[in-house]
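To start, the structure under review is shown below, and the notes come after it.
Only a predicted model underlies this, so the values are computations on that prediction, with no experimental measurement involved.
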Amino acid sequence: MEIGSFFLLNGQLFHLLSLTSLATTSSMEARIILQIQIPWNPNRKFSRTPSDFPRFIRAYSSSSSTSQKPRSYRGPKPSKNLVADFISKNDDLVRSLPIYVGGASLLAVLFNRTVSGIAPVADASSSQSRADLLALGLAVTNLLTGLVWLSIRPKSITPVQPDGVEWKVVESGLPASVVSELLWAWESFKVATCCKSLVIVYNGICLIQIGMVAESPEDKKAVVVNTDKLMQGSVYRGVMKSKAQSYLANLSLYPGRSELPFLPANTQAVILQPLGDKGIAVIGGNTIRGFTSADQAWISSIGEKLDATLGRYFIDSDEISRVTV
Amino acid sequence: MSLRICNFPFHPKFALQPRAQRSTRIFARTENDSPQQQQQLNLSVLRFTFGIPGLDESYLPRWIGYGFGSLLLLNHFSASAPISESQMRSEALGLSLASFSIALPYIGKFLKGSVVEQRTLPEEGEQIFVISSNIGDSLKEDLAWATYVLLRNTSTIAVLILVQGELCVRGYWNCPDQMSKAQLHDWFKKKVDEIGLADVKDTLYFPQYAGSALSWDILPDGTRSLFMQPLVQNISEPQKVNGFLLVASTAGYAYSDKDRAWIGAMAEKFRG
């Protein structure tokens, strides 16, 4: 699907948008001039109805007018789907339902045969046998479907409460827009995934450490991220080199666990998302394999956005510091 | 008929050996911008399939239900009178089983782990990208990024965001051709006002949007799911709505709980 090229580097997006808006304003001006010259024939050049003509002029004024009170919503309201709700709540029951139905009908067919005194012979001679055979076929279909559903039941894994302390530290000196973007990223991860801890390191600085944080046993305080040690570790270097998101679905099996001491000890899954080539986001979750592939895609998209925002801020601040020096 | 190791582990086909449990898993995902690709092969379930491409075996119980049910009726009406009571009982049992089998694929769609339909792109019409020119650059960039990500990460084909009275529209929409960007923007504004979308206070989710019931002609043909999230200005005043985010898809039941949670997170970006 061609969505069109999308540039998220510092300011290239703005240029793309400004070019298109320039093109439209100039074409609109051209059309208005043409219409002024031939006012008695507005239909000649354009296939639109004459009622569109006054809209050109109105277009400029309406976009700058303040929004009036919106009309009340006149669409339909969504109806509750009772079946879907029931099935979602009683997943196990519904999964094994076809097996019980199929098995019970199998027995019922045989029972019917014995009760009515006909020998249980499965041939297609009499219409009774044919009806029985068809019912048997359907019962087998149900049985097999029930078996399929049981076999594809996803294993439900219980989340593990991370042991640590609640923590929220944001690097001081960051502009409000950057801070709100970082906090927005944290809120999104917290709400939509099983994420319980988030650490973002960019340009050698730990920008934010938020969520559940390991408690150091000696002084019962939160373990702060040691940025230099993290950046020298193999985990960070590996992720930077591969430039790809790394998903550690079961953190206890991972030997590099010791390089992330700031995460609670029983963090179950971790996503390491590189932010461009200057930073990393460490996202800790409370369920083994708790991040689905949709989550991974979303996290990498948000990682790109954070990289663009942070990159722009740091380049700007570098320029400012260079200018002042 | 052939045995094939299936790449989509949760596609409910007839399993030949549901107990073959091997827990080896090689995990895979394609990233658009990363060169690395890892394969996800779930070797724990072998699937029985006819091997005909394009044939969706998850609907097999439904076809069997229709087929056997009609055969039962045929049998009933072609049988010489009188029909014994035991035959009536078998036929009643068979017909109820048939109707249950017909309903099975529908039930299976709501179970956890069922595969979501893929979206199909509308054949006619082209994509549009309209963004208001009255807003600041950072907001423009956020809108462009948000619409791009929504189109890429969910099965959305059309996105509309209204924030601070300005619109950003992207994807396949049912709008008149040959309009300039500013005209399109005003046209969408007018349509949105007609429907009164800016007044909606709660999220709306139509997983089976029937085009005839709603008169939203701006949505492209073939839209089957619709999700709308209002942008609340302030958590403490949930009635004050500052705009909304609307996504539409050509797949039915396209937005699972997780998708809706993520879309809500994207909408949060434009709050306040």
[X] to [Y] - nearest heavy-atom pair and separation:
X	Y	answer
A:N112	B:S90	ND2-OG, 2.9 Å
A:L138	B:G94	CD1-O, 3.3 Å
B:I64	A:T141	CG2-OG1, 3.5 Å
B:A265	A:W184	O-NE1, 2.7 Å

B:S86 vs A:Q128, test: side-chain hydrogen bond (donor to acceptor under 3.5 Å, both in side chains). Steps then yes/no. CA-CA 8 Å; B:S86 62; A:Q128 162 86 39; 2.8 Å; yes
To the nearest 0.5 Å, how far apart are [atom1] in [X] and [atom2] in [Y]?
X	Y	atom1	atom2	result
B:M266	A:S188	CE	OG	7.5 Å
B:L72	A:S127	CG	OG	11.0 Å
B:H76	A:L134	NE2	CG	13.5 Å
A:S88	B:L111	OG	CG	8.5 Å

So which of [options] has the biggest tally of heavy-atom pairs under 4.5 Å with chain B?
options	answer
A:S116, A:G146, A:S105, A:A135	A:S105
A:V83, A:I302, A:D91	A:D91
A:V101, A:L150, A:V115, A:D85	A:V101

Would you find a donor on one side and an acceptor on the other, under 3.5 Å apart, between the side chain of A:W298 and the backbone of B:I263? no
Any side-chain to backbone donor/acceptor pair from B:K258 onto A:A192? Under 3.5 Å, distance only. yes
Sub-4.5 Å side-chain heavy-atom contact between [X] and [Y]:
X	Y	result
A:L97	B:F100	yes
A:W149	B:I107	yes
A:K305	B:D142	yes
B:P61	A:N142	no

With a 4.5 Å cut-off on heavy-atom pairs, point out which of B:A98, B:G67, B:G65 contacts chain A the most. B:A98
Carboxylate-amine/guanidinium contact B:E141 A:R312, below 4.0 Å: yes
At a heavy-atom separation under 4.5 Å, does A:T193 approach chain B through its side chain, its backbone, both, or neither? both
Whatever's closer than 4.5 Å to a heavy atom in chain A on B:S101 counts as both
How are the rings of A:F189 and B:W262 set to each other: parallel, tilted or perpendicular (split at 30° and 60°)? perpendicular
Atom OH of residue position B:Y106 - does it have more than 12 heavy atoms of other residues, nucleotides or ligands inside 6.0 Å? yes
